[in-house]
Amino acid sequence: MFTKIFCGAIGLLIALVFFAIPILKIRETALIAVVLIGVAMMVYEFIETLRDKD
C-alpha cells in the first residue's frame with residue numbers, strides 16, 4: 001500500500017510540474033481549463049486506485 005501511495009504521489013507531482021511550466025508561460029484561459037480537467041481526472045484515478053483491494 002505504501003508503494004502505491006508513494007509512486008502515485010511522485011507521479012502526480014511530476015505531472016503537475018510538467019503541466020505548470022506551459023501554463024505559467026502562456027497563461028491562456030482555455031489551456032488552464034483543459035489542464036485543470038486533466039489534473040482532476042488524474043487525482044480521481046489515483047484515489048480510485050488506492051481504494052482498490054490488492
Side-chain angles (χ1 to χ4, degrees):
M1 185 66 165
F2 176 74
T3 306
K4 268 186 172 180
I5 295 171
F6 182 72
C7 291
I10 294 295
L12 283 173
L13 181 68
I14 290 171
L16 288 175
V17 170
F18 179 76
F19 292 138
I21 294 168
I23 286 178
L24 293 174
K25 289 186 178 186
I26 298 173
R27 295 185 191 242
E28 272 296 319
T29 307
L31 176 66
I32 293 171
V34 169
V35 169
L36 286 178
I37 291 169
V39 168
M41 290 170 50
M42 284 190 321
V43 170
Y44 177 77
E45 182 65 30
F46 177 62
I47 291 170
E48 286 298 311
T49 302
L50 291 180
R51 287 185 181 176
D52 283 346
K53 293 185 182 198
D54 289 333

Novice: Give the cluster check for Ile10 versus Phe2: same hydrophobic cluster or not, with ILVMFWY residues linked at side-chain heavy-atom distances below 4.5 Å.
Specialist: yes
Novice: How close do Ile5 and Phe46 get, heavy atom to heavy atom, and via which atoms?
Specialist: O-CZ, 3.9 Å
Novice: Does Arg51 have any salt bridge (Lys or Arg N to Asp or Glu O under 4.0 Å) partners at least two apart in sequence or in another chain, and if so, which?
Specialist: Glu48
Novice: In the single-linkage hydrophobic clustering (I, L, V, M, F, W, Y; side-chain heavy atoms under 4.5 Å), do Ile23 and Phe18 co-cluster?
Specialist: yes
Novice: Can you tell me how far CD1 of Ile32 sits from CG of Leu24, rounded to the nearest 0.5 angstrom?
Specialist: 8.5 Å
Novice: If two hydrophobic side chains count as joined below 4.5 Å and joins carry through other members, does Leu12 share a cluster with Met1?
Specialist: yes
Novice: Can you tell me how far CG of Leu36 sits from CG of Leu31, rounded to the nearest 0.5 angstrom?
Specialist: 9.5 Å
Novice: Report the distance from atom CD1 of Ile47 to atom CE of Met42, rounding to the nearest 0.5 Å.
Specialist: 12.0 Å
Novice: Nearest 0.5 angstrom please: Tyr44 OH to Thr49 OG1, how far?
Specialist: 10.0 Å
Novice: I'd like to know if Ile26 and Leu16 are part of one continuous hydrophobic network [Ile/Leu/Val/Met/Phe/Trp/Tyr, side-chain heavy atoms within less than 4.5 Å].
Specialist: yes
